[in-house]
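Values below: all heavy atoms of this structure, side chains included; hydrogens, waters and symmetry mates excluded. In listed order, ligands and their atoms are each counted from 1.
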Amino acid sequence: MWWQDAVIYQIYPRSFQDSDGDGIGDLRGIERRLDHLAWLGVDALWLSPIYPSPMHDFGYDVSDYKDVDPVFGSLEDFDRLVAGARKRGLRVLLDLVPCHTSIEHPWFREHPDWYIWSDAPNNWFSAFGGSAWSRLDGRYYLHSFYPEQPDLDWRNPELVAAMQDALGFWIERGAAGYRVDAIDRLLKDAQLRDDPPASEQFGLPLSQEEAKLALTHSRNAPDTGEALARIREAVGDSLLVGEVYLPSAKWQPYLEHLDAAFAFELLHAPWDAERLHAAIAAATRRPGAAWVLSNHDFGRLVTRFRRENARAAALLLLTLPGPAFLYQGDEIGLADGPGGERAYDRAGRDRYRHPMQWDASPSGGFTTGEAWLPPVDPEATNVEAQLDDPHSTLSLVRDLLTLRRLLGEGIELIDAVPGVLAYRRGDHTIAINTTGEDRPAPLRGEAVLETAPGALRGRTLAGHAGVITRSDERVGHP
Ligand code: GLC
């Protein structure tokens, strides 16, 4: 299983590399940057949606599952990208958006019964705020996200067959699998019962209204597994990683059909050793955790954990057992930006989506035109400047990707003093100091990687730092 310990690099296609000067990234641009990804040492790339879309949710509102949006290129460009990636030993994953289509998908007009309708709305909320129901021609259709994203009915066999067809289409074209979007919302209560009030809520629900309800009926229906089985059927043994927005204790039905689920408990944990320890312990109770600390919905490492902790956060992400997802820009310590003059995403996520910065030029080397969102700080943060600097974030991430291959299987969390997260993977011990002060760390052997030079003195780890040590226990034994 190639993905078992893979590092999968998330590309937000609009913002990675523009090749035609329209200020929006595209597939040919990604192709041009494949050498960077191969040099960095990642195993695969995951592309956020590239399908035709009116872009109300920037591609997560799909209007044709079997084509490429002209803004990103063509099917031929996709084939070239896959071929170029393959030549460099890289796999390409796509983003499957099975929960809803765009309201402009022809299916919505031609096959209204592939969607979910009601004569009267219940109390379900959309993840982006407001009722999850919108009125059309005297009835209401369900949308778990924007009103432009009507929810599909996965209990309708015709819809299932159409989706299976689309799923197979990309696998045949060379995609190695899918990150599966919003999969906990795939099936909801068939009787559309109201959600009861919440006694406790997991993580960060996207809207405040939702936080008041236990989302017991509006998502995660008991027959979800049947739909997941149909998805699995269509992709064979290709990789399926689920955006299962549920505590890991509820993963089981998903992991019966998907290979892995994002451990959102860790993504939402504050930068605090005890909380991180608890989140990792919960998510590793069973196999199947995929790790993510940043993405196009929640922002980048430097901003989420503050600049002084970002290198240790990269070390954490890249030393846990199981596939890790690295968001574009995190390898150079790119920060979230202010967004542009005009707001594109109504949920306020533009600031996580500023373009990748390749060089110090005003456009950051992203485009020859005017970038759809301006670059944040290309002069201060860019790939070119960090390439030959052994202390750069880029060098750190590259070293981590090399070292990661030497780590032992599984994980053993170790008790440490407050403020220190520590775990063992075979001969290697990893320790991270989430405080700003020196702390003793339960390490063994010699440091093989530090997030800052001299961060480890004896067994004392400097504030904000992370370290990997290696002990060869066989030494000294007969
Ligand atoms: C997922 C995507 C997010 C999108 C939503 C609706 O959470 O990551 O960007 O808005 O699904 O498709």
Practice task
May I ask whether His143 has any heavy atom positioned less than 4.0 angstrom from an atom of ligand 1?
Solution key: no

Problem - Ligand-residue contact atoms, ligand 1 with His100, heavy atoms, under 4.0 Å - result: 6 (C), 12 (O)

Handout entry: Under-4.0 Å heavy-atom contact with ligand 1, by part of Tyr352 that carries it
Key = neither

Practice task
Please confirm whether Tyr65 and Trp170 have ring centers closer than 6.0 angstrom.
Solution key: no

Exercise for the section: May I ask you to check whether Ser102 and Glu148 show a side-chain donor-acceptor distance below 3.5 Å? Expected result: no

Completion exercise
For Phe128, the atoms of ligand 1 under 4.0 Å from one of its heavy atoms are 10 (O)

Problem - Atoms in ligand 1 flagged as close to Arg349, the criterion being non-hydrogen separation under 4.0 Å - result: 3 (C), 4 (C), 9 (O), 10 (O)

Completion exercise
Separation between CD1 (Ile116) and CG (Asp151), nearest 0.5 Å, reads 5.5 Å

Exercise for the section: Flag the pair Asp18 and Arg28 as a salt bridge only when some basic side-chain nitrogen lies within less than 4.0 angstrom of an acidic carboxylate oxygen. Expected result: no

Completion exercise
Note: heavy atom closest to atom 2 (C) of ligand 1, options Val62, Asp61, Asp181, belongs to Asp181

Practice task
Please determine if Arg300 forms a cation-pi arrangement with Tyr352, meaning its NZ or CZ atom is less than 6.0 Å from the six-membered ring centre and no more than 45° off the ring axis.
Solution key: no

Problem - Sole candidate of Thr303, Asp330, Asp336 that passes side chain to side chain donor-acceptor pair (under 3.5 Å) when paired with Ser294 - result: Asp330

Handout entry: Per-atom contacts of ligand 1 with Arg179, taking only distances under 4.0 Å to non-hydrogen atoms
Key = 2 (C), 8 (O)

Handout entry: Per-atom contacts of ligand 1 with His296, taking only distances under 4.0 Å to non-hydrogen atoms
Key = 2 (C), 3 (C), 8 (O), 9 (O)

Completion exercise
So for Arg185 against ligand 1, with non-hydrogen atoms under 4.0 Å, the contacting part is neither

Fill in the blank from the handout: For Glu243, the atoms of ligand 1 under 4.0 Å from one of its heavy atoms are 1 (C), 7 (O), 8 (O), 11 (O)

Handout entry: Shortest heavy-atom approach to atom 9 (O) of ligand 1 - which of Val180, Asp57, Asp297, Asp345
Key = Asp297

Practice task
Starting at NE2 of His56, measure out to CD of Glu104 and round the result to the nearest 0.5 Å.
Solution key: 5.0 Å

Exercise for the section: Output yes when Arg139 and Asp119 qualify as a salt bridge under the 4.0 Å nitrogen-oxygen rule, no when they do not. Expected result: no

